[in-house]
Chemist: 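My questions will all concern the structure given below.
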Amino acid sequence: DLLPCFRFRPTHVEIIEHYLYNKVHGLPLSSNDVLIECDLYGEKDSWSWRKYFKDSDETSLYFFTKLTKVSTNGSRIQRSTPYGTWKLNNDKPIYRDKAKKNQIGSMRSLTYMPHKGLKSAIGRWVMHEFRLAGSLLRN
């Protein structure tokens with residue numbers, strides 16, 4: 001738990017190097033309390049992440065979620081839920097250095113598009129999805 005006067009506001013480089021890299025490779029995380037395991041795209045309970053916002057006065061929360069491919073041979077990721085779809089807006093590289101020579105990952109911005117008839121009940125949401133660069137992945 002963080003002290004009341006502290007906020008979890010990691011930089012993009014910190015998210016990639018200290019959290020995502022460690023999670024993917026099974027290494028210990030700096031803190032297990034600030035990152036939430038949640039199935040954002042799953043059929044079962046895919047909307048449960050909203051409860052974390054209701055239980056907190058934070059405007060940004062951080063989740064780990066597993067990605068599922070649309071088909072076994074394809075590269076497209078399933079980003080639909082029973083209530084709507086996360087639509088890709090842009091993809092931006094993340095570099096370790098200011099010279100932009102060492103790309104360590106990327107960040108995708110996605111906007112939630114609810115299915116017809118649910119717009120007023122669900123609201124507007126933006127998600128930033130972080131990915132490791134291929135050079136940081138093992139097999």
Chemist: Are any side-chain N or O atoms of Tyr95 and backbone N or O atoms of Lys101, one a donor and one an acceptor, separated by less than 3.5 Å?
Modeler: no

Chemist: Could you see if Met113 belongs to whatever hydrophobic cluster contains Leu110? Use Ile, Leu, Val, Met, Phe, Trp, Tyr and a side-chain cutoff under 4.5 Å.
Modeler: no

Chemist: Taking a hydrophobic cluster as the set of Ile, Leu, Val, Met, Phe, Trp and Tyr residues connected by side-chain heavy atoms closer than 4.5 Å, whether directly or through intermediates, do Trp86 and Val126 fall within one such cluster?
Modeler: no

Chemist: Would you compute the distance between atom CD1 of Ile104 and atom CZ of Arg131 and round it to the nearest 0.5 angstrom?
Modeler: 13.0 Å

Chemist: Show me the side-chain donor-acceptor pairs of residues 60-74 shorter than 3.5 Å, one per line, residues at least two apart or across chains.
Modeler:
| residue | atom | partner | partner atom | Å |
| --- | --- | --- | --- | --- |
| Thr65 | OG1 | Cys38 | O | 2.8 |
| Thr65 | OG1 | Leu40 | N | 3.1 |
| Ser71 | OG | Gly74 | N | 3.2 |

Chemist: For the CZ atom on Arg76, are there more than 12 heavy atoms of other groups (residues, nucleotides or ligands in this structure) within a distance under 6.0 Å?
Modeler: no

Chemist: Is there a side-chain contact between His12 and Glu14 in this structure, where contact means two heavy atoms from C-beta onward sitting under 4.5 Å apart?
Modeler: no

Chemist: My understanding is that only residues two or more places apart in sequence, or in another chain, count here; which of them pass side chain to side chain contact (heavy atoms under 4.5 Å, CB included) with Val24?
Modeler: Leu20, Leu132, Leu137

Chemist: Check ring-ring contact (aromatic ring centres under 6.0 Å, His included) between His128 and all other residues, then give those that pass, not counting sequence neighbours.
Modeler: none

Chemist: Looking at every heavy atom in both Met107 and Phe130, which two are closest together, and how far apart are they?
Modeler: SD-CZ, 3.6 Å

Chemist: Testing the basics here: between Arg96 and Asn102, what is the closest heavy-atom pair and its distance to 0.1 Å?
Modeler: NH1-ND2, 2.6 Å

Chemist: Supply the atom-to-atom distance Ile16 CD1 to Ser106 OG, rounded to the nearest 0.5 angstrom.
Modeler: 7.0 Å

Chemist: Start with the C-alpha gap between Met127 and Arg79, add the side-chain angles, then the distance that decides, and say whether side chain to side chain contact (heavy atoms under 4.5 Å, CB included) holds.
Modeler: CA-CA 12 Å; Met127 175 172 41; Arg79 290 194 176 84; 5.8 Å; no

Chemist: Using a 4.5 Å cut-off on heavy atoms from C-beta on, say whether the side chain of Arg108 contacts that of Leu88.
Modeler: yes

Chemist: Can you tell me how far NZ of Lys100 sits from CD1 of Ile94, rounded to the nearest 0.5 angstrom?
Modeler: 11.5 Å

